[in-house]
Amino acid sequence: MSDLLEQFKRMIVEKNRAEVCALLPELPKNHSLDEIYRQAVYPAMNEVRDLFKARKVGVPELLLSLDLVRQSIDGLSQGSASGRNDRHVILGVIEGDVHDMGKNIVHAMYQGYGYRVTDLGKNTPVARFVEVARSEKPDLVGISTMMSTTVDKLKDAIAAIKRESGAKVMVGGAFINREIANRVGADGYADSAATLIEETDSVLAG
Amino acid sequence: MKEILLEISQPDLGSVLRCLGYGHASEPHPEVLELVRECSAEALELPGMPGAYTLLPIDGIDPEGIRMQKGMIHSRKLADVARGAESLAFGLVSAGRAFDERLASADGLLGACVWDAIGTVLVENGVEQLLRVIGDEAGCGVSLPFSPGYCDWELEGQGLVFAVFPPSPIGISLMEGSLMMEPQKSVSFVACVGVEMKPENPCRSCTLKKCFMRRSS
């Protein structure tokens, strides 16, 4: 890896906004978008997630890094799909719940790894999940909820999405664990943003 | 029901940082700290928080919970605390729609995360203010607040709390099915009122040692 890419990666991990901004215009002069993503952005995200998993940084620091990655992607790609992976994810918070912080973090994490994301927002009716999954044929639908009172809606949504679109479905949220995820019929479950990408890989490979 | 406009005071920095998940292991990044300070200062410009309460007599206390005219509060922990109480205070506090709008317009994910933590601290502070008002009016002691969905009181208890208030009290509505409150940063609670009541921490007798809402003191 070039010194420039190495430095860029390190500045994302260290959350040094000024340096990231200073390096951004230099990168495309020396590297393709694919190189920048695969050798700097994705490895930086991996390192940040490892630090988060090891509790060496907290959620706010994870968000700072994600924000720098988003800013970098916006600055570098300017609409180009180069460097993105070809996966498409639909995300939303199930109806009856308006807590969208977790879903927004998952959105940023997927974006950081180059996924195309369709975000249906919060308090999303089951019918809306099904309608969009049927029309957009995503690889994966991610449903978030904080409230245990939404569990019946969650179950309904998963069954309908799978039946109508054939997409895999992952769930996440405060009260959910692997046992509940299995019980409601989900294909996968991520306990935090730190494990999201590996779990997604595993679900989509299955 | 009595309504009161609660004051918004400077959110305590340590409390906001605890809500953001900082414990002993990690220190906040300088950019995070700066943002917390900026948003905390801006929070002082929000309108005051509406609060409401009503005091109701206790019909009886069973091992499984507290019997009230409007129904039963199913919580062994609260029943333990309520022994010796003369009445129950039902209370509501909300950071209001203005806070929800500020949260929704927060700059990026980190901004939303920080505003969310500040909102939690603000409404908890509002509950403390309201408990003092209730204690002053009753002229006796008040326990710590219990909220539906916490400890051993099921979230379905929200129905009973809202049943003692008129519809949409202080602008708070309950979402059908999920029992979530809108505005988002709202707290509903009951507290035991009586001469023997003290703000003792019920979490000390709870076995959920890693509970996010565990009160340490």
Side-chain angles (χ1 to χ4, degrees), chain A residues 13-18 20 48 51-52 54-71 74 93-109 111-112 119 121-123 125-126 145-154 156 173-175 192-193, chain B residues 16-37 39 97 100 103-104 106-120 148-150 154-159 173-186 208 210-213:
Chain A
V13 174
E14 291 179 8
K15 297 161 279 294
N16 189 327
R17 191 178 296 275
V20 167
V48 169
L51 289 169
F52 180 67
R55 298 186 178 212
K56 289 182 178 165
V57 299
V59 170
E61 282 72 26
L62 178 72
L63 299 181
L64 262 183
S65 293
L66 285 172
D67 188 43
L68 285 181
V69 167
R70 182 197 50 78
Q71 195 179 338
D74 286 351
V93 177
I94 194 72
E95 65 181 276
D97 196 347
V98 295
H99 294 102
D100 61 354
M101 189 76 71
K103 182 268 296 171
N104 292 341
I105 294 172
V106 166
H107 182 147
M109 186 65 78
Q111 258 186 341
D119 193 332
K122 56 192 176 185
N123 198 18
V126 172
T145 179
M146 284 279 284
M147 310 289 290
S148 57
T149 43
T150 62
V151 74
D152 290 339
K153 291 285 180 196
L154 189 61
D156 291 349
F175 78 95
S192 78
Chain B
V16 177
L17 293 179
R18 266 194 300 282
C19 279
L20 285 168
Y22 292 105
H24 304 294
S26 60
E27 290 292 318
H29 187 277
E31 197 174 323
V32 175
L33 210 48
E34 190 186 326
L35 188 62
V36 169
R37 290 197 167 112
C39 297
R97 300 214 177 270
D100 271 15
L103 179 63
D107 188 18
L109 275 177
L110 180 59
C113 191
V114 167
W115 273 107
D116 188 73
I118 287 172
T120 300
Y150 290 96
E154 297 290 337
L155 187 59
E156 283 66 24
Q158 284 281 47
S173 54
L174 263 190
M175 287 177 76
E176 202 181 321
S178 68
L179 302 173
M180 277 194 58
M181 288 177 281
E182 276 190 317
Q184 203 173 326
K185 283 294 170 191
S186 300
L208 293 171
K210 289 184 178 174
C211 172
F212 171 66
M213 294 305 288

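Each chain gets a letter, A, B and so on, in the order its sequence line appears, and its residues count up from 1.
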Do other residues, nucleotides or ligands put more than 12 heavy atoms under 6.0 Å from the CD atom of B:Glu154?
->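 Check fails, neighbour count at 12 or below.
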
Can you establish whether the number of heavy atoms outside A:Lys153 located under 6.0 Å from its atom NZ is more than 12?
->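 Atom NZ in A:Lys153 is not packed in, count stays at 12 or less.
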
Residue selection (most heavy-atom pairs with chain B, distance under 4.5 Å) from [options]:
options                               : answer
A:Asn104, A:Leu66, A:Asp152, A:Thr150 : A:Asn104
A:Leu62, A:Asp100, A:Leu63            : A:Leu63
A:Leu64, A:Val59, A:Val151            : A:Leu64

Where does B:Leu155 contact chain A at under 4.5 Å (heavy atoms): side chain, backbone, both or neither?
->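 For B:Leu155, the contact with chain A is made by the side chain alone.
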
Heavy-atom proximity to chain B below 4.5 Å, by part of A:Asn123 |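 Contact with chain B involves the side chain of A:Asn123 alone.
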
Give, as side chain, backbone, both or neither, the part of A:Glu14 having an atom under 4.5 angstrom from any heavy atom of chain B.
-> backbone

I need the residue from [options] with the largest number of non-hydrogen atom pairs under 4.5 Å to chain A.
options                               : answer
B:Pro30, B:Ala117, B:Ala112, B:Gly21  : B:Ala112
B:Met175, B:Gln184, B:His29           : B:His29
B:Asp116, B:Leu179, B:Val114, B:Val32 : B:Val32

Specify the closest pair of heavy atoms between B:Glu156 and A:Thr149, including all atoms of both residues, with the distance to one decimal.
-> OE2-CG2, 4.0 Å

What residues form a salt bridge (Lys or Arg N to Asp or Glu O under 4.0 Å) with B:Asp100, not counting sequence neighbours?
->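 Applying salt bridge (Lys or Arg N to Asp or Glu O under 4.0 Å) to B:Asp100 gives none.
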
Min side-chain heavy-atom separation A:His99-B:Met180 under 4.5 Å | yes

Pairs involving residues 60-69 of chain A, ordered by first then second residue, that meet side-chain hydrogen bond (donor to acceptor under 3.5 Å, both in side chains) (sequence neighbours left out) | A:Arg17-A:Asp67, A:Glu61-B:Tyr22, A:Asp67-A:Arg70

